[in-house]
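Accompanying notes for the structure given below.
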Amino acid sequence: MIGLVCFGKAVAIVTLSVFVIGLASLRTQSELDVEPRSQERHPVVLPADTLLAIGDLHGDLEQGYAALKLAGLVNRNDRWSGGQATLVQTGDLLDRGPKSIELVQLFERLKGEAAAAGGAVHTLMGNHETMNLLGDYRYVSQEELAALGSLRKPPPLTLEAALHAGQASWRRHMQEDVGSVLRQRPVAVMLGQGTCKSLFIHAGLPLQLMLEVAQQASSFEPDILLEKLNTLVQGAVQNCSEGRCTKYQGDLLTGGNSPVWYRGYVQDYEAKLCPEVQQVVQNLKVQRIVSGHNIMQNGKIRSLCGGRVTLIDVGMSHAYFGNMAVWKCSNNSAYALYPSQTAGLRAPDL
């Protein structure tokens with residue numbers, strides 16, 4: 001049954017030294033705030049129409065800061081410096097790496113700072129957010145659990161005790177403060193103007209799912225359809241986490257056509273995929289679909305279907321490959337930002 005609470009066995013060996021480091025490095029997690037760090041950065045002035053997207057970070061806080069720096073969105077004090085720019089993080093902040101909760105805290109802080117400057121930060125729900133909201137904790141970093149457990153008073157005396165305490169703490173966070181933030185996240189947003197107008201979604205929007213949602217919404221109007229999709233996913237998370245999951249809701253969260261699990265962009269032949277993608281983007285009146293989830297192991301952002309699909313998950317977390325890339329669109333041109341270069345991306349075929 002979906003919603004079963006479970007922790008997997010250790011996916012990595014956690015040494016006692018890591019446990020001790022966790023005692024000193026992880027601050028109290030009850031407040032969704034991360035203190036900025038001091039580090040030299042060159043100021044960047046972004047045009048107001050700048051639209052940026054960062055893919056899966058999986059618990060790697062350092063890579064999160066590096067991506068924000070590469071995008072030109074934070075200053076030397078790690079405060080928002082993107083002005084009126086808009087950032088989308090396409091989900092999967094959680095799991096695998098040791099600082100998932102701190103990543104959630106970071107992006108929540110930046111939302112407020114960006115809004116105050118006339119910009120915006122959007123964070124999407126990924127499959128690892130839904131897994132944790134449903135009580136599936138198999139991929140939570142053992143290092144993060146040990147660090148959470150070390151915050152107990154009195155502190156645990158052994159690594160085993162710290163892990164046990166950390167599991168209980170993680171469960172509370174997912175059911176309470178962090179969970180309340182994650183449950184409000186949309187699964188997709190449409191943003192941008194002109195040839196930058198894009199649908200951002202964690203895994204993808206297959207044609208069959210779009211048609212099902214349109215039928216339930218009784219409309220193909222893009223805003224109504226997208227609002228219905230987000231409502232359906234959020235409702236499914238709520239019901240399934242409470243043990244009231246219907247088969248449709250279970251499939252919506254975990255099935256092959258789920259917007260947080262879909263693999264069609266990398267598994268289907270383009271001859272089959274691209275005509276369906278064309279119908280989706282035409283109906284939604286967007287230029288492209290920008291998604292994470294499917295890892296590009298070579299570290300390069302990939303365009304498919306004549307530029308109508310852009311895959312931005314390059315395995316940034318050091319739990320994977322430690323690659324680095326940010327998607328950017330400004331002045332009707334899209335780019336892939338890398339630490340050593342900026343590469344133009346194919347404009348969608350008209």
Side-chain angles (χ1 to χ4, degrees), residues 27-37 41 44-94 97 99-126 128-130 132-133 173-174 176-192 196 198-202 226-227 230-231 233-234 237 260 290-292 312 316 326-330:
R27 49 191 291 278
T28 302
Q29 303 286 336
S30 59
E31 297 178 350
L32 290 180
D33 182 40
V34 164
E35 292 299 325
R37 309 167 308 161
R41 287 180 169 82
V44 177
V45 178
L46 297 174
D49 73 338
T50 303
L51 183 59
L52 300 120
I54 294 173
D56 307 34
L57 286 166
H58 283 297
D60 196 325
L61 183 64
E62 293 301 318
Q63 287 291 79
Y65 278 116
L68 291 164
K69 177 182 177 181
L70 179 61
L73 291 174
V74 293
N75 61 21
R76 59 181 295 179
N77 296 315
D78 291 324
R79 296 291 184 182
W80 178 264
S81 62
Q84 298 178 51
T86 297
L87 169 66
V88 182
Q89 197 287 314
T90 57
D92 276 9
L93 292 177
L94 300 185
K99 295 189 177 180
S100 297
I101 291 178
E102 290 182 75
L103 270 174
V104 174
Q105 295 169 337
L106 170 62
F107 280 90
E108 289 304 303
R109 172 170 67 79
L110 290 177
K111 283 182 184 180
E113 294 177 8
V121 173
H122 301 266
T123 50
L124 303 185
M125 187 178 294
H128 282 265
E129 280 75 37
T130 60
N132 278 275
L133 290 172
H173 281 304
M174 291 304 118
E176 298 173 6
D177 56 336
V178 177
S180 67
V181 170
L182 300 180
R183 280 188 286 272
Q184 297 174 23
R185 292 190 171 174
V187 74
V189 293
M190 289 187 297
L191 298 166
C196 287
S198 306
L199 171 72
F200 297 87
I201 192 164
H202 178 65
L226 195 65
E227 181 181 4
N230 285 321
T231 299
V233 172
Q234 290 170 345
V237 169
V260 296
V290 179
S291 73
I312 67 168
M316 285 193 287
V326 173
W327 180 87
K328 176 181 178 180
C329 197
S330 182

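The residues of the chain are indexed from 1 along the displayed sequence.
Between Glu129 and Asp92, the closest heavy-atom pair is OE1-N, 2.7 Å.
Here salt bridge (charged side-chain N to carboxylate O under 4.0 Å, His left out) pairs that include residues 113-124, with residues two or more places apart or in two chains, are Arg79-Glu113, Arg109-Glu113.
Two residues are said to be in side-chain contact when any heavy atoms from C-beta on lie closer than 4.5 Å; Leu133 and Arg183 meet this criterion. A heavy-atom distance below 4.5 Å is found between the side chains of Val74 and Leu110. Residues Asp177 and His173 form a side-chain contact, since some pair of their non-hydrogen atoms from C-beta on lies under 4.5 Å apart.
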side-chain contact (heavy atoms from CB on, under 4.5 Å) between Val88 and Val290, worked out: CA-CA 10 Å; Val88 182; Val290 179; over 6 Å; no
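In this structure, Gln84 contributes its side chain and Ala117 its backbone to no donor-acceptor pair below 3.5 Å. A donor-acceptor pair under 3.5 Å is formed between the side chain of Asn230 and the backbone N or O of Ala188. Remark: the backbone N or O of Leu93 is not paired with any side-chain donor or acceptor of His58 at under 3.5 angstrom.
Judged as a side-chain contact (heavy atoms from CB on, under 4.5 Å), and not counting sequence neighbours, the contacts of Ser291 are Ile201, Tyr265, Leu311. Asn132 pairs by the side-chain hydrogen bond (donor to acceptor under 3.5 Å, both in side chains) definition with Asp95, Trp170, not counting sequence neighbours. Judged as a ring-ring contact (aromatic ring centres under 6.0 Å, His included), and not counting sequence neighbours, the contacts of Trp327 are Phe200. Thr130 is linked by a side-chain hydrogen bond (donor to acceptor under 3.5 Å, both in side chains) to nothing, counting only residues two or more places apart in sequence or in another chain.
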Distance-only donor-acceptor pairs under 3.5 Å for side chains of residues 45-54, two or more places apart:
unit_1 : atom_1 : unit_2 : atom_2 : d
Asp49  : OD1    : Ser330 : OG     : 2.9
Asp49  : OD2    : Asn331 : N      : 2.9
Thr50  : OG1    : Pro47  : O      : 2.7

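In this structure, CD in Gln184 is found 9.5 Å from CE in Met125, a value given to the nearest 0.5 Å.
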